[in-house]
Amino acid sequence: MDDKIKSVARRVLNEDDDALSDDELLAELENDPELEKLREARLDQLKREMNRARDLRGRGHGEYIELHKEEEMVKLIGRESRAVVHFTHPQFARCKILDQHLRVLAPHHFETRFVSISVERCPFLAQKFQIRVLPCLLLVDGGRVADRIVGFEELGNGDAFSTNTLERRLAKSKVIELPKGELARVPVAERPISYHVGYASQDADISDNDEDNAKELDY
């Protein structure tokens, strides 16, 4: 038995006798009522976490999803505690760039919904939230729009920003949480994913010859 595990076991049993063998320690632990309570509490916690994960996955968490109806977006903004909403246009190259970064981020931030909708499909919301320049991200926190990112100015004012740069900006508005320690410096696409439920669609194809390859779009 590992020395660290032995140390923990002795603390649980209040046992200072180093003469106990591994088998004796395990036998004592199995018969300890406090350990059984801890085991049951941990199992209950795991069940709650699994049920919550199923619920979030069923609502589209872990994926970057395109919505097609304005009513869906209205419900989402009012229901989700945290969401990143991309108002986009299918022929705008910078929106496609942002799509790629959001697809990478979504499975790494399972607690937050990541969605997009074309401004052509939601004229009421575009007017309500005064969407004038694309791309535009609305950052939802607690059922309300808490912040927004318009264009690429805050991301380095160019097309070549990294996914980590966007991640840090989203974390600044508290709609996602950055990983702790060394993992925060690892490129997002190279990190392990805790809940990987796939992507809603294929990566967008970004072409330098796109006839709408303008930097910003007044809408």
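Below, all heavy atoms of this structure are taken into account, side chains as well, without hydrogens, waters or symmetry copies.
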Quiz item: Quick one: does Ser118's side chain have a donor or acceptor within less than 3.5 Å of a partner on Glu120's backbone?
Solution: yes

Exercise. Could you tell me if the ring centre of Phe114 sits under 6.0 Å from that of His86?
Key: no

Quiz item: Of all heavy-atom pairs between His61 and Glu111, which one has the smallest distance, and what is that distance?
Solution: CE1-O, 3.3 Å

Quiz prompt | Check: His108 side chain, Val188 main-chain N or O, donor-acceptor pair, under 3.5 Å | solution = yes

Quiz item: When you check the side-chain N and O atoms of Thr165 and Arg169, is any donor under 3.5 Å from an acceptor?
Solution: no

Quiz item: So which heavy atom on Pro107 is nearest to which on Val104, and how close?
Solution: CD-O, 3.4 Å

Quiz item: How far does NZ of Lys69 sit from NZ of Lys75, to the nearest 0.5 angstrom?
Solution: 9.0 Å

Quiz item: Which heavy atom in Asn164 sits nearest to a heavy atom in Pro187, and how many Å separate them?
Solution: OD1-CA, 3.4 Å

Self-check item: For Asp141, salt bridge (Lys or Arg N to Asp or Glu O under 4.0 Å) partners two or more places apart
Solution: none

Practice problem: Write down the atom of Ile149, the atom of Glu154, and the distance for their closest heavy-atom approach. | Solution: CA-OE2, 4.2 Å

Quiz item: So, does Thr112 use its side chain to make a donor-acceptor pair with the main chain of Val175 at under 3.5 Å?
Solution: yes

Exercise. Search all heavy atoms of Arg79 against all heavy atoms of Arg113 and return the closest pair with its distance.
Key: NH2-NH1, 3.8 Å

Quiz item: Looking at side-chain heavy atoms only, is the closest gap between Tyr64 and Leu105 below 4.5 Å?
Solution: no

Quiz item: When clusters are formed by joining ILVMFWY residues with side-chain heavy atoms under 4.5 Å apart, either directly or through shared neighbours, do Val74 and Val119 land in the same one?
Solution: yes

Quiz item: Is a side-chain donor or acceptor of Arg191 paired with a backbone partner of Val186 at a separation under 3.5 angstrom?
Solution: yes

Quiz item: What pairs with Glu72 under salt bridge (Lys or Arg N to Asp or Glu O under 4.0 Å), at least two apart in sequence or on another chain?
Solution: none

Quiz item: About how many Å separate CZ of Arg144 and CG of Leu139, when rounded to the nearest 0.5 Å?
Solution: 11.0 Å

Quiz item: If you measure from CG on Leu166 to CG on Leu137, what distance do you get to the nearest 0.5 Å?
Solution: 6.5 Å

Self-check item: For Leu178, all residues meeting side chain to side chain contact (heavy atoms under 4.5 Å, CB included), sequence neighbours excluded
Solution: Glu167, Arg168, Ala171

Quiz item: CG/Asp99 to CZ/Arg94 distance, rounded to the nearest 0.5 angstrom?
Solution: 14.0 Å

Quiz prompt | Inter-residue atom distance Lys128.NZ - Ile77.CD1, 0.5 Å rounding | solution = 8.5 Å

Quiz item: Just wondering, do Ile131 and Val150 contact through their side chains at under 4.5 Å, heavy atoms?
Solution: no

Quiz item: Looking only at heavy atoms, what is the nearest atom pair of Gly158 and Phe152, with distance?
Solution: O-CD1, 3.5 Å

Quiz item: Nearest 0.5 Å, what's the CD-NE2 distance between Glu177 and His109?
Solution: 9.5 Å

Self-check item: Step-by-step side chain to side chain contact (heavy atoms under 4.5 Å, CB included) determination, Ser116 to Leu102
Solution: CA-CA 9 Å; Ser116 70; Leu102 294 171; over 6 Å; no

